[in-house]
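What follows is a set of notes on a single structure, which appears directly below.
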Amino acid sequence: MSNLVQLEINGIPVEVPAGTSILKAAQSVQVKIPTLCYHPDLAPWAACGICVVRSSGSPKLLRACCTDVAPGMKITTHDADIVRVRRTVLELILANHPNDCLQCPRNGNCELQRLAADFGIRDIPFPTDTPSIPVDASTPSIVLNPEKCIKCGRCTQVCQQMQNVWALEFIGRGEKTRMAPAAEVTLNESPCIKCGQCSAHCPVGAIYERDHTRQVWDALRNPEKICVVQIAPAVRVAIGEAFGLPPGTLMTGETYASLRRLGFKAVFDTNYSADVTIMEEGSEFIKRFKKGKDLPLITSCCPAWTDWMEKYAQDFMSNFSTAKSPQQMMGVLAKTYYAEKMGIDPAKLFMVSVMPCTAKKFEISRSITMSASGYQDIDVVLTTRELARMIKSAGIDFLNLEKEEADSILGEYTGAATIFGVTGGVMEAALRTAYCLITGEAHPPSIEFEAVRGMEGVKEAVIDIKGTPVRIAVAHQMGNVEQVLDAVREDRKAGRKPRYDFIEVMACRGGCIGGGGQPTGATDSVRKARTAGIYTDDEKCVIRMSHLNPQVQKLYADYLGAPLTEKAHALLHNHYHPKKPYAK
């Protein structure tokens with residue numbers, strides 16, 4: 001029996017697999033049905049009613065996002081009545097939505113605004129009744145503006161189903177329904193891990209990153225400050241989207257140049273400190289692996305994941321790598337090693353990070369160890385979106401800039417470092433170096449560990465290191481992590497050796513390339529394009545293993561001595577503390 005269904009859409013013959021929604025069937029023949037609550041990452045739940053279509057022989061309109069095709073269907077996606085219904089739905093939404101587009105962080109990039117323009121809505125025939133609900137700006141990372149909420153449900157689905165955090169839900173009923181943390185607490189008091197996936201999926205300006213561009217502009221104007229900046233690996237393959245380029249376009253040199261145009265005195269690359277991270281975290285893994293104790297080692301580069309662990313997986317605290325994230329390593333090295341080498345007073349250094357992640361805004365003050373230099377190691381974090389706005393407001397012709405290089409001594413990086421931006425990247429970078437350090441060989445048989453690559457939510461593999469098996473797991477998107485942890489818990493309960501030696505976790509789907517501070521509109525196709533850009537950057541590098549980075553070798557020779565020394569621990573490592581999911 002064939003599993004293909006034949007139907008017609010606007011008179012066009014269509015053949016699609018059984019179980020395909022009308023919405024996707026229409027897309028297969030280049031018919032675009034408008035949507036608002038629907039997102040490819042999420043299960044459709046037909047909240048908005050924009051996607052209604054007509055099926056011949058049926059008296060009611062069907063919601064295309066959640067209705068599967070059936071044999072012989074004759075679907076009409078657009079006619080006068082359907083357009084009128086869609087227009088009315090939009091008008092009802094707009095009647096309860098603030099009319100302050102010019103001040104909205106999503107102005108010009110708002111799905112509701114775009115639909116209103118497409119339907120030519122010029123006035124609202126219904127009484128307006130915008131709710132008066134205070135803005136929740138309690139976290140250092142993201143801001144909730146419930147007045148702009150259109151009740152599409154994307155944020156709650158992301159938080160509960162994708163991320164398994166449950167910080168957001170719908171409160172109240174009927175007209176009083178609103179999106180908020182449960183128990184009427186603030187977002188900062190909720191289980192929120194600041195990953196920003198709610199903001200990345202919100203179609204309007206109801207959830208957005210806390211803007212820190214003014215602090216950066218003020219610092220750049222201050223003659224008493226020496227402003228320096230770092231960019232994360234995932235930024236270079238996404239920032240071009242803000243300027244009309246396809247996802248995955250590699251814009252490293254142009255980003256360096258734009259940062260100098262903005263006024264930064266030195267431009268560093270977080271990839272350099274990612275190489276340092278491998279030296280510390282990789283050495284930590286080898287030490288544990290040889291002793292067979294405190295395994296599995298779990299990576300600690302993702303601050304949203306570390307926050308989740310401190311709240312929900314406290315039984316794994318001893319398994320967590322104590323190595324700081326590359327962002328934090330760069331901050332402390334800039335205000336110690338770099339300042340000393342350049343003869344700069346570290347008190348005058350103003351360190352800015354450009355990150356794909358809203359949780360990085362929280363990370364910079366998460367504990368006292370984030371001030372290991374004697375000052376706050378990172379002063380301000382900007383998301384990719386914020387940097388794009390600064391470049392535009394400064395009148396910089398980003399697309400036509402001449403490529404520039406990062407500043408030494410904190411700018412040189414290897415291919416292993418740049419793949420930190422994708423799921424599996426930290427693991428692959430660690431394995432490249434671990435193989436060499438464990439075996440004493442100069443090069444692994446293959447530099448690329450394909451088993452840890454791809455968009456599968458959990459990836460497992462056994463890597464053979466010259467006859468020694470290393471059992472690994474890679475998880476991305478927080479909702480996938482529990483199954484990995486539960487598997488280890490089962491081993492513990494049964495008194496067995498843990499089934500994994502090394503685990504990588506990234507809170508966001510696809511890793512940092514899908515971070516909550518990246519340009520909005522990410523889907524798996526966008527994530528895959530960004531991922532391809534990261535691997536292209538890796539392949540372009542002459543050196544592709546972290547321990548071979550000459551500037552990293554110089555750092556240890558001149559300053560730290562060796563990985564895991566007392567000085568390295570004081571500057572590059574941190575500690576974890578249990579937290580309650582609901583803060584008081």
Polar side-chain atom of T418 near backbone of G415 as donor-acceptor pair, under 3.5 Å: no
With the threshold set at 4.0 Å, does a side-chain nitrogen-carboxylate oxygen contact exist between K361 and E386? yes
Quick one: do C192 and I142 satisfy side chain to side chain contact (heavy atoms under 4.5 Å, CB included)? Show the steps, please. CA-CA 10 Å; C192 177; I142 53 179; 4.3 Å; yes
Test item: D100 and K148 side chains (from C-beta on) under 4.5 Å apart, heavy atoms: yes
Is Q113 reaching over with its side chain to a backbone N or O of G108, donor-acceptor style, under 3.5 angstrom? yes
Pairwise side-chain contact, Y312 with P191, heavy-atom cut-off 4.5 Å (strictly under): yes
May I ask you to decide whether R389 forms a salt bridge with E209, counting only side-chain N to carboxylate O separations under 4.0 Å? yes
Backbone N or O of L571 within a donor-acceptor pair of the K324 side chain at under 3.5 Å? yes
Could you tell me if T414 and D275 have a donor-acceptor pair between their side chains, going purely by distance under 3.5 Å? yes
By ring pair (Phe, Tyr, Trp, His ring centres under 6.0 Å), which residues pair with H212, not counting sequence neighbours? none
Sequence neighbours left out, what passes side-chain contact (heavy atoms from CB on, under 4.5 Å) with C302? Give chain and number order. A304, W305, M506, A507
Backbone of I513 reached by a side-chain donor or acceptor of R530 within 3.5 Å: yes
Around K265, counting heavy atoms of other residues, nucleotides and ligands shown, do more than 12 lie under 6.0 Å from its NZ? no
Between N574 (side chain) and T322 (backbone), is there a donor-acceptor pair under 3.5 Å? yes
Is the shortest side-chain N to carboxylate O distance from E363 to K360 below 4.0 Å? yes
Between M162 and L42, the two heavy atoms sitting closest are SD-CD2, 3.6 Å
For residues M279 and H547, determine if any side-chain heavy atom of one lies less than 4.5 Å from a side-chain heavy atom of the other. yes
Partner set under ring pair (Phe, Tyr, Trp, His ring centres under 6.0 Å) for H443, not counting sequence neighbours: none
Within the supplied structure, the quantity of interest is the number of heavy atoms (other residues, nucleotides, ligands) at a distance under 6.0 Å from E450 CD; does it exceed 12? yes
Using distance only, find each side-chain donor-acceptor pair of residues 337-353 under 3.5 Å and give its atom names and separation, not counting sequence neighbours.
unit_1, atom_1, unit_2, atom_2, d
K341, NZ, D558, OD2, 3.3
D345, OD1, A347, N, 3.0
S353, OG, Q230, NE2, 2.8
S353, OG, Q327, OE1, 3.3

Any non-hydrogen side-chain atom of H476 less than 4.5 Å from a side-chain atom of M455? yes
Donor-acceptor pair, distance only, cut-off 3.5 Å: does the side chain of E310 make one with the backbone of H577? yes
Is there side-chain contact between L387 and L259, with at least one heavy-atom pair below 4.5 Å? yes
I would like to know whether L168 and L187 meet side chain to side chain contact (heavy atoms under 4.5 Å, CB included); could you show each step before the answer? CA-CA 8 Å; L168 291 173; L187 194 60; 4.1 Å; yes
Which donor-acceptor pairs under 3.5 Å do side chains of residues 218-228 form with protein atoms, sequence neighbours excluded?
unit_1, atom_1, unit_2, atom_2, d
D218, OD1, R221, NH1, 3.3
N222, OD1, E224, N, 2.9

Of all residues at least two apart in sequence or in a different chain, which pass the side-chain contact (heavy atoms from CB on, under 4.5 Å) check with K392? A242, F243
Under 4.5 Å between any side-chain heavy atoms of V276 and P326, yes or no? no
I'd like to know if D538 pairs up with R544 as an ion pair, taking the criterion as any Lys NZ or Arg NE/NH1/NH2 lying under 4.0 Å from an Asp or Glu carboxylate oxygen. yes
Quick test of your reading: applying salt bridge (charged side-chain N to carboxylate O under 4.0 Å, His left out), list the pairs with at least one residue in residues 196-208, sequence neighbours left out, ordered by first then second residue. none
What pair of heavy atoms forms the shortest contact from A417 to N271, and how long is it? CB-O, 2.9 Å
H39: which residues meet the ring pair (Phe, Tyr, Trp, His ring centres under 6.0 Å) condition with it, sequence neighbours left out? H201
Scanning both residues in full, the closest heavy-atom pair of S258 with I396 reads O-CD1, 3.7 Å
For a quick test of reading the model, state the closest non-hydrogen atom pair linking T186 to S138 and the distance between them. CB-OG, 3.5 Å
In the structure I gave you, are the side-chain heavy atoms of E504 and V452 within less than 4.5 Å of one another anywhere? no
Consider only side-chain N and O atoms of T139 and S141, and report whether a donor and an acceptor are under 3.5 Å apart. no
Counting distance only, does the side-chain N/O of R509 pair as donor-acceptor with the main-chain N or O of Q477 below 3.5 Å? no
N/O donor-acceptor pair under 3.5 Å between S283 side chain and E280 backbone: no
More than 12 heavy atoms from other groups under 6.0 Å of NZ on K540: no
Do you know which two heavy atoms are closest between S373 and V332, and how far apart they sit? N-CG2, 3.7 Å
Sequence neighbours excluded, every pair satisfying ring-ring contact (aromatic ring centres under 6.0 Å, His included) that has a member inside residues 366-389: none
Holding to ring pair (Phe, Tyr, Trp, His ring centres under 6.0 Å), I want the full list of residues that pass it with F316, two or more places apart in sequence or in another chain. none
Please determine whether side chain to side chain contact (heavy atoms under 4.5 Å, CB included) holds for the pair V158 and V165, giving the CA-CA distance in whole Å, both sets of side-chain angles, and the decisive distance to 0.1 Å. CA-CA 9 Å; V158 167; V165 173; over 6 Å; no
Listed by chain and number, what are the side-chain contact (heavy atoms from CB on, under 4.5 Å) partners of R260, not counting sequence neighbours? Y256, V267, E404, D407
Test your reading of the model: is there a side-chain donor-acceptor pair from R385 to the backbone of Q518, 3.5 Å cut-off? yes
I would like to know whether R261 and D397 meet salt bridge (Lys or Arg N to Asp or Glu O under 4.0 Å); could you show each step before the answer? CA-CA 10 Å; R261 292 280 186 102; D397 185 2; over 6 Å; no
Crowded around E405 CD? As in, over 12 foreign heavy atoms under 6.0 Å? no
Side chains of M355 and L382: closer than 4.5 Å at any heavy-atom pair? no
Before you tell me yes or no, could you show the steps for Y413 and V552 under side chain to side chain contact (heavy atoms under 4.5 Å, CB included), namely the whole-Å CA-CA distance, both residues' side-chain angles and the distance that decides it to 0.1 Å? CA-CA 9 Å; Y413 67 87; V552 170; over 6 Å; no
Short question: side chain of K194, backbone of P140 - any donor-acceptor pair under 3.5 Å? no
Which atom of E241 lies closest to which atom of P519, heavy atoms considered: OE1-CB, 3.8 Å
Give a yes or no on this: more than 12 heavy atoms of other residues, nucleotides or ligands lie within 6.0 Å of atom NZ of K579. yes
If only side-chain N and O atoms count, and only distance matters, is there a donor-acceptor pair under 3.5 Å linking D537 with T252? no
Quick test of your reading: applying salt bridge (charged side-chain N to carboxylate O under 4.0 Å, His left out), list the pairs with at least one residue in residues 103-114, sequence neighbours left out, ordered by first then second residue. E111-R154
